Amino acid sequence: MEACYRADQAAAAAGVPGVRLMENAGRAVFDALRAAWPLGTIRGDVLVLCGPGNNGGDGFVVARLLAEAGWPVRLGLLGAREALKGDAAHHAARWRGAVATLAPGLLEGAGLVVDALFGAGLARPIEGMAAQTLSAIRERKLPVLAVDVPSGLQGDSGTVLGEVVAPANVTVTFFRPKPGHVLFPGRKFCGRLVVADIGIPESVLATIAPQLHRNQPPLWLQHWPQRTAESHKYHFGHALLLGGAEMTGAARLAARAALRVGAGLVSLAAPSEALAVYQLSSPSLIVLQGSDPRSLARRLQDPRYNALLIGPGLGVGEETSEAAEALLATGRACVLDADALSSFAGAPSRLFGAIKGPAVLTPHDGEFARLFPSLKGDRLQRASAAARESGAVVLLKGADAVIAAPDGRAALVENAPPFLATAGTGDVLSGLIVGLLAQGLPAFEAAAAGAWLLGAAAEQFGPGLISEDLPDCLPAIRAALDR
Ligand SMILES: NC(=O)C1=CN([C@@H]2O[C@H](COP(=O)(O)OP(=O)(O)OC[C@H]3O[C@@H](n4cnc5c(N)ncnc54)[C@H](O)[C@@H]3O)[C@@H](O)[C@H]2O)[C@H](O)CC1
Ligand SMILES: [K+]
């Protein structure tokens with residue numbers, strides 16, 4: 001995934017002069033600074049640290065605006081002022097204050113540091129005075145406001161280049177988050193993220209980074225099922241899930257999620273010894289006998305099942321692989337999760353070869369590594385490559401979940417709170433996705449909406465949640481989306 005977008009690209013595409021973009025960026029940083037640290041609340045002055053590129057140029061704007069507003073501000077520069085070029089040189093010329101040479105000693109008397117050393121142009125691990133200064137900032141635990149990204153972080157991947165990064169209390173970035181603000185470890189170094197509009201119309205972004213999306217409702221709301229007075233349940237599809245004989249909780253969680261997200265009907269096929277457990281789990285659930293490949297083959301003759309889920313609690317083995325192949329062979333929309341993925345660990349191409357229609361794979365890191373052992377790069381790059389390789393939408397689960405489609409689109413999940421990390425949330429997620437597929441959402445949008453709904457449900461319930469709390473949070477969230 002190449003750089004989402006760069007200043008020069010954005011400026012050129014938008015026909016906005018770069019110096020104006022830089023002025024707007026610096027002003028956005030200045031506004032965020034005053035909001036987070038009102039004048040008089042900082043013990044000491046504001047030390048703006050500028051790098052040799054446009055990130056540093058932003059810093060010169062911030063310093064000038066602070067000085068004009070009467071703030072105590074100093075500026076340190078990495079490299080010679082004469083070496084500055086273009087927009088950065090233009091704004092450095094407008095700075096009337098002293099330009100000190102970057103060194104850790106500058107930190108004496110500073111109450112807040114503005115980190116404008118490196119941004120999207122970071123090209124190698126930070127060394128020398130810049131590294132020493134960033135380390136000293138960490139040691140002194142000085143509050144930091146980072147411009148665009150905390151220096152040392154790669155905006156496109158969230159990885160730290162080298163070992164040096166100064167964690168920020170607040171990071172101000174421009175027009176949309178970069179993957180590095182959302183993916184770990186970058187996410188944990190950014191502090192509170194402020195995404196400032198600096199005058200680049202969204203349309204421009206569509207040309208620069210057409211494939212990377214924020215996973216927010218506008219990405220999939222146009223596919224959101226509309227319920228009208230004359231709607232009836234068959235309008236909203238019929239999801240078929242397979243349940244195992246032992247780990248019945250997984251499929252029960254998924255089934256409840258599919259019902260709560262609005263699937264018209266939800267059926268669950270299970271071995272006879274487990275039928276009673278499933279029948280008691282929810283009167284709304286249609287429980288069918290037999291999830292073995294033969295019973296399934298007969299069951300799947302029925303075209304009304306338009307979305308299929310296999311995996312949660314089914315057990316890993318040949319029978320699960322064969323059942324998955326039977327579902328995939330129908331060409332209907334399928335979600336493969338958990339055991340269905342692990343059952344193909346030794347033979348991923350067998351799985352990929354069986355995919356005939358819309359499919360969503362929802363691996364966690366371990367399942368992903370077993371299915372796609374050779375893929376390298378950050379989570380975004382790996383998920384995108386996996387989607388291309390498998391021909392399926394791949395939702396790589398985790399606190400920084402990534403959704404990637406075979407056509408190159410990708411979305412970053414930003415609303416997964418840490419307390420989602422509890423047993424069974426993956427089962428709920430797979431149920432949400434199959435329930436949305438049943439209602440006609442395309443695979444990428446169903447996966448993105450499912451991931452967003454899971455996070456929204458968790459945020460609504462709050463810390464201390466357990467997975468079975470999540471499906472019942474959906475009616476309120478759906479009602480808000482229906483408006
Ligand atoms: N996206 C936008 O619309 C805007 C972005 N702005 C800011 O511009 C920077 C990106 O500017 P750029 O000059 O490309 O990158 P940097 O300032 O991060 O470049 C640093 C500079 O330093 C050199 N360098 C790279 N790594 C190292 C290193 N480890 N040690 C020493 N020197 C290094 C490299 O040659 C670069 O030239 C973006 O982050 C925004 O803050 C616009 O100002 C506003 C609009
Ligand atoms: K920075």
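The model shown is predicted, which means the values in this text are computed figures rather than measured ones. Counting convention: from 1, in listed order, for ligands and their atoms alike.
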#### Entry: N or O contact, L78 vs ligand 1, cut-off under 3.5 Å
no

### Summary
Check: of G53, G128, A83, G56, min heavy-atom distance to atom 37 (O) of ligand 1 comes from G53

### Message
If we set the cut-off at 4.0 Å for heavy atoms, which region of P125 has an atom near ligand 1: side chain, backbone, both, or neither?
### Response
backbone

### Task
In plain terms, say whether E468 and R256 are close enough for a salt bridge, that is, a side-chain N and a carboxylate O under 4.0 Å apart.
no

### Message
Ring of F368, cation from R379 - is the NZ or CZ under 6.0 Å from the centre and inside 45° of the axis?
### Response
no

### Task
Could you list the atoms of ligand 1 found under 4.0 angstrom from a heavy atom of A123?
25 (C), 26 (N)

### Query
Just wondering, is there an N, O or S atom on L117 that's nearer than 3.4 Å to the K ion (ligand 2)?
no

### Message
As an exercise, state the distance from CG of L49 to CZ of F118, rounded to the nearest 0.5 Å.
### Response
10.5 Å

### Summary
Which of E445, H213, Q211 passes side chain to side chain donor-acceptor pair (under 3.5 Å) with R409? It is E445

### Query
Can you name the N, O or S atom of D115 that is closest to the K ion (ligand 2)?
O

### Task
Please determine if E127 has a nitrogen or oxygen closer than 3.5 Å to a nitrogen or oxygen of ligand 1.
no

### Message
Please check whether A120 reaches ligand 1 - meaning an N/O of the residue sits under 3.5 Å from an N/O of the ligand, judged on distance alone.
### Response
yes

### Task
Report the relative orientation of the aromatic rings in F372 and F352; use parallel for angles under 30°, tilted for 30 to 60°, perpendicular for over 60°.
parallel

### Task
Look at F118 and state whether any of its N, O or S atoms is less than 3.4 Å from the K ion (ligand 2).
yes

### Query
With the threshold set at 4.0 Å, does a side-chain nitrogen-carboxylate oxygen contact exist between E108 and R140?
yes

### Task
Can you sort out which atoms of ligand 1 are near D58, meaning under 4.0 Å from one of its heavy atoms?
6 (N), 7 (C), 40 (C), 41 (O), 42 (C), 43 (O), 44 (C)

### Angular separation of S151 OG and N55 OD1 about the K ion (ligand 2), given to 10°
100°

### Query
Going by an N to O cut-off under 4.0 Å, is there a salt bridge joining D337 and K397?
yes

### Query
For A32 and L145, which heavy atoms make the closest approach, and how far apart are they?
C-CD1, 4.3 Å

### Query
With a cut-off of 4.0 Å, which atoms of ligand 1 are near a heavy atom of P52?
21 (C), 22 (O)

### Message
If I compare all heavy atoms of W95 with all of A67, which pair ends up nearest, and what's the gap?
### Response
CZ3-CB, 4.0 Å

### Message
Using 3.4 Å as the threshold, say whether any N, O or S atom from V149 sits that close to the K ion (ligand 2).
### Response
yes

#### Entry: Closest to atom 36 (C) of ligand 1 (judged by heavy-atom distance), picking from G121, G57, G26
G121

### Query
Relative to ligand 1, is F174 under 4.0 angstrom through side chain, backbone, both or neither, heavy atoms considered?
side chain

### Message
With a 4.0 Å cut-off on N to O distance, would you call R64 and E23 a salt bridge?
### Response
yes

### Query
For ligand 1, which part of N55 has a heavy atom less than 4.0 Å away: the side chain, the backbone, both, or neither?
both

### Query
Is the number of heavy atoms from other residues, nucleotides or ligands within 6.0 Å of CD (Q222) greater than 12?
yes

### Query
What are the atoms of ligand 1, with element, lying closer than 4.0 Å to any heavy atom of G119?
16 (P), 18 (O), 39 (O)

### Query
For ligand 1, which atoms, with element, lie under 4.0 Å from some heavy atom of A25?
44 (C)

